[in-house]
Amino acid sequence: MNETSPPAVYDFASAEPKWQQAWEDAGCFLADDVPQGARPKYYVLEMFPYPSGKIHMGHVRNYTLGDVVARYKRARGYQVLHPMGWDAFGLPAENAARERGVHPGVWTRSNIAAMRAELRRMGLAIDWRREFATCDPAYYGQQQRLFLAFLQAGLVERRESFVNWDPVDGTVLANEQVIDGRGWRSGALVEKKKLSQWFFRITKFAPELLASLDTLKRWPERVRVMQAKWIGRSEGARLRFPLVREEAGIAEVEVFTTRPDTLFGMSFVAVAAEHPLAAAAAARDAGAAAFVAACRGMGTSEVALETAEKQGYDTGLTVRHPFLPDRVFPVWIANFVLMEYGTGAIFGCPAHDQRDLDFARKYGLDVLPVVVPAGEDAAAFSVADRAYDGPGLIANSGFLDGLGIEDAKRAAIDAVAARGWGAGVVNWRLRDWGVSRQRYWGCPIPVIHCGTCGIVSVPDSELPLVLPDDVTFDRPGNPLDHHPTWKHVACPTCGAAATRETDTCDTFVDSSWYFARFCSPGSAMPVQRAAVDSWLPVDQYIGGIEHAILHLLYARFATRAMQATGYLDVAEPFAGLFTQGMVTHESYKSADGRWLYPEETVTSDGVVTERANGAPVAVGRVEAMSKSRRNTVDPGAIIGRYGADTARWFILSDNPPERDIQWTESGVVGAYRFVQRLYRLAEASAGSAPGRPARFADAAQALRRVTHRTIASVTQALDDFAFNVAVARVYELAGAVAEADREGGTDGMAFARREAVEVAARLIAPMMPHLGEELFTLLGHDSLLADEAWPEADPSLVAAQSLVIAVQVMGKLRGTIAVAPDATAETVTEAAEAEPNVARLLEGKRVVKRIYVPGRIVNFVVAG
RNA sequence: GCGGGUGUGGUGAAAUGGUAGACGCGCCGGAUUCAAAAUCCGGUUCCGCAAGGAGUGUCGGUUCGAGUCCGACCACCCGCACCA
């Protein structure tokens with residue numbers, strides 16, 4: 001890598017800041033809270049960044065994609081809302097406070113300032129007046145208002161639940177922060193602890209969150225599939241089995257099943273280790289207690305789950321069966337039954353469920369097939385070590401015998417319901433969203449706990465409830481809880497001494513409604529109704545696939561919750577979603593095994609060596625850029641050396657945006673060369689436009705055709721999000737100008753050439769906005785290209801004047817012919833038949849069929 | 001295991017069922033230059049001197065015609081995963 005910029009005719013370093021200032025001065029990208037006039041609205045939004053302090057290439061890609069859409073839509077006549085903000089709460093700021101003694105707020109603010117400067121250097125068409133950070137009291141105060149509105153509406157509740165508790169850090173951990181059963185930071189063994197937590201009742205919306213996925217036509221299929229699976233609707237039944245003998249006051253055990261048709265194949269009941277019945281058994285039976293404890297200690301990592309063998313413990317309890325009064329079935333505690341799903345208890349039908357079969361074989365329980373596949377004899381059909389879960393007819397099942405599976409399910413549910421043993425239900429995998437975090441750097445949950453009044457909302461007049469600044473991070477646990485005075489307040493209702501809630505919100509709450517706040521960021525309420533009514537939904541949302549489930553689901557929930565509480569009236573926040581691919585890079589390892597940054601290496605003739613000492617370097621896999629592998633490229637350095645337009649152009653070229661893109665030095669240099677080339681090409685047509693000539697010579701007319709076809713194809717490519725194709729079409733246009741220059745100055749060429757260059761400037765404007773402005777000025781305009789309308793292709797020039805038709809014989813290409821666009825099918829087939837190579841192949845054969853696809857191909861089908 | 005995706009030159013990739021490989025990178029050759037850089041031009045799927053032939057992971061199918069549609073399989077990637 002060179003430290004200095006390559007030779008240049010176009011000085012991006014002075015031009016880029018100049019145009020950024022010009023856009024700013026002209027207010028090009030400002031939007032109204034309530035759009036005015038007849039122009040349609042378009043809301044484009046990229047997922048806002050966490051202010052880590054530096055932008056990375058993923059940001060460059062994300063914000064470039066969004067910026068192209070924003071600028072293109074604006075040129076197409078839309079009023080565009082394109083805002084930016086900061087997802088500014090979260091743990092890294094507290095870690096910085098612990099490690100370096102800097103206040104989270106100070107650390108966050110300085111990171112925001114640094115990142116804002118870097119983003120501004122990219123030349124993004126953003127309405128920066130709308131910028132906010134989620135750690136602004138003006139933002140989180142409104143979030144508190146929403147929280148209380150949701151609480152009022154019954155969409156928030158407080159209840160006990162098991163959490164991952166880190167005893168050393170004194171905090172609750174998210175599942176992904178538990179690694180091999182230990183806290184990711186402290187390394188302490190994580191405990192399952194029952195704690196009072198705040199929950200958003202997302203499950204209330206489960207049916208509509210699932211159903212309305214079908215309305216999200218402009219979402220990637222896989223995201224919808226992932227969400228549907230996450231929500232996890234399953235139809236089945238709840239059944240209650242009476243215990244033969246009560247245990248600690250528990251008289252029955254309720255199970256959930258999707259296979260009530262296999263009820264006669266039951267051989268046991270199994271409950272989760274956390275199930276009350278398991279606890280009851282453990283209380284009197286040391287063996288049960290040991291088993292339950294072992295389950296709790298078992299790793300929750302994926303590896304542990306995958307390799308975990310089916311294990312169980314017979315409680316000695318038994319249950320009755322609704323249709324088999326003479327028999328009783330054992331109740332086991334089993335490690336494969338999940339307390340979180342269904343009722344935490346199942347009935348085992350080993351013949352038709354692999355897990356139950358594994359369990360039954362291990363503990364010698366009965367295996368009775370009750371579904372017999374077509375063609376099998378009911379008496380002889382048996383199951384060995386493979387459970388049968390296919391279609392068939394019910395057997396060995398009393399009144400269900402002979403029914404199909406679906407009929408049997410209905411009949412079983414009806415019969416069970418008639419006897420009062422259970423009912424058909426729909427079960428959901430989705431669980432309520434626990435939002436409590438025992439942390440400082442988050443939005444305080446605005447409630448007060450009063451000994452007499454219970455939970456009391458912080459009065460509206462006291463919002464925002466601001467985080468205290470004077471906190472310390474010198475000991476584990478929540479600084480809000482340690483604060484000497486903050487949590488002690490008088491109850492707003494009765495005036496007695498009370499305490500504030502010291503939990504703060506999960507940061508996913510902050511990002512679940514920011515898109516709505518952007519519509520009217522200064523509003524004294526969470527949103528201004530007229531603003532959200534006109535701007536929402538977001539027309540195009542762009543971000544990483546890693547947010548396919550949680551963030552997008554939470555935002556969908558929050559939108560519905562805001563709809564239910566009257567803040568807005570859309571059900572879905574994002575009409576269009578685009579998920580971009582990652583930015584990857586080769587990784588480099590020195591001979592002694594250290595990862596090296598790309599700039600620490602030198603590549604010469606394909607051999608990579610270490611810059612410092614010339615030692616050989618091993619080139620590793622191409623992977624997502626990550627600090628740990630040091631295969632990162634700093635966008636700031638790239639923009640400094642080649643300019644923002646080059647970085648933008650490269651990241652758009654080569655690959656479709658949904659696919660991973662490999663960042664390569666040579667690719668960037670190629671993009672840079674094109675920036676310079678386009679400028680040189682434009683220089684030759686500098687100044688004001690020549691008059692339109694009376695006639696165009698062939699070469700000039702040919703160039704005009706390319707120009708107008710390029711308008712049409714780039715427009716189509718941008719509409720399709722095929723930015724790499726748009727880039728390729730612009731390259732072709734530049735090539736056509738160069739070719740025309742070799743033809744020399746024929747009639748009308750000056751006009752045609754100038755037209756081509758100006759169209760190029762207009763077409764690149766969404767992608768390379770600074771260069772676009774520079775060329776536009778070079779061509780004698782004194783207005784801003786950013787305010788210009790998108791060019792229109794002249795249909796008469798887009799239509800070909802002569803068509804090249806492929807001629808096939810038996811579907812194989814044998815030649816081409818040129819015909820007039822309006823040539824009749826007869827003329828074309830005759831010309832095709834006369835084509836020498838075709839004629840040769842047709843000689844002596846009988847043509848049985850002539851296929852002509854107008855403007856495309858002729859195909860001769862021959863016999864003999 | 002389940003779900004989704006992707007397989008095309010040296011390489012990143014294009015291609016409403018209709019001339020496969022547009023465009024970029026790399027490479028080769030040429031022009032320019034004292035020389036180099038930069039720039040410009042040409043070539044670059046494979047076999048073949050050519051004519052021609054073959055070719056989009058594999059095998060089959062539909063079709064006048066398949067990279068594209070259908071079926072089976074292989075490889076890789078991503079997600080989920082004891083969800084009853």
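The model shown is predicted, which means the values in this text are computed figures rather than measured ones. Chain naming here is simple, since letters A, B, ... match the order of the sequence lines and numbering starts at 1 in each.
Arg753(A) has a carboxylate O that lies under 4.0 Å from a charged side-chain N of Asp741(A), or vice versa, which qualifies the two as a salt bridge. Ionic pairing of Arg840(A) and Glu843(A) is not present here: no N-O contact between side-chain nitrogen and carboxylate oxygen is shorter than 4.0 angstrom. Of the charged side-chain nitrogens involved, none lies within less than 4.0 Å of a carboxylate oxygen, so that Arg680(A) and Glu683(A) do not count as a salt-bridged pair.
Rounded to an integer number of Å, the gap from CG of Asn724(A) to P of C23(B) is 14 Å. For the pair Gln676(A) CD and G24(B) C1', the computed distance is 17 Å after rounding to whole Å. The distance from atom CD of Gln716(A) to atom C1' of C23(B) is 18 Å, rounded to the nearest whole Å. Put simply, CZ on Phe721(A) is 19 Å from C1' on A13(B), counting in whole angstrom units. Rounded to a whole Å, the CE atom of Met226(A) is 8 Å from the C1' atom of C78(B). Between Gln227(A) atom CD and G3(B) atom C1' the separation is 15 Å, expressed in whole Å. As rounded to whole Å, 13 Å separates atom P of C78(B) from atom CD1 of Ile545(A). Spacing between atom CD of Glu739(A) and atom C1' of C40(B) amounts to 14 Å, rounded to whole angstrom units.
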Could you run down the sub-3.5 Å N/O contacts of the protein with nucleotides 60-69 of chain B?
| unit_1 | atom_1 | unit_2 | atom_2 | d |
| --- | --- | --- | --- | --- |
| C64(B) | O2' | Asn859(A) | ND2 | 3.1 |
| C64(B) | O2 | Asn859(A) | ND2 | 2.5 |

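In this structure, Arg222(A) reaches the sugar-phosphate backbone alone: every heavy-atom distance under 4.0 Å involves primed, P, OP1 or OP2 atoms, never a base. Using a 4.0 Å heavy-atom cutoff across all strands shown, Thr816(A) reaches at least one base atom of the nucleic acid.
Across A31(B) and A15(B), the matching C1' atoms stand 34 Å from one another, rounded to whole Å.
Atom NE2 in His275(A) sits 8.5 Å away from atom CD in Glu254(A) (nearest 0.5 Å).
Phe241(A) and Phe347(A) have perpendicular rings, their planes meeting at more than 60° on a 0 to 90° scale where under 30° would count as parallel.
If you check residues 726-734 of chain A against RNA chain B, the residues with a heavy atom closer than 4.0 Å are Ala728(A), Arg729(A), Tyr731(A), Glu732(A), listed by number.
Here the nucleotide nearest the side chain of Pro656(A), chosen from A14(B), U39(B), C82(B), is A14(B).
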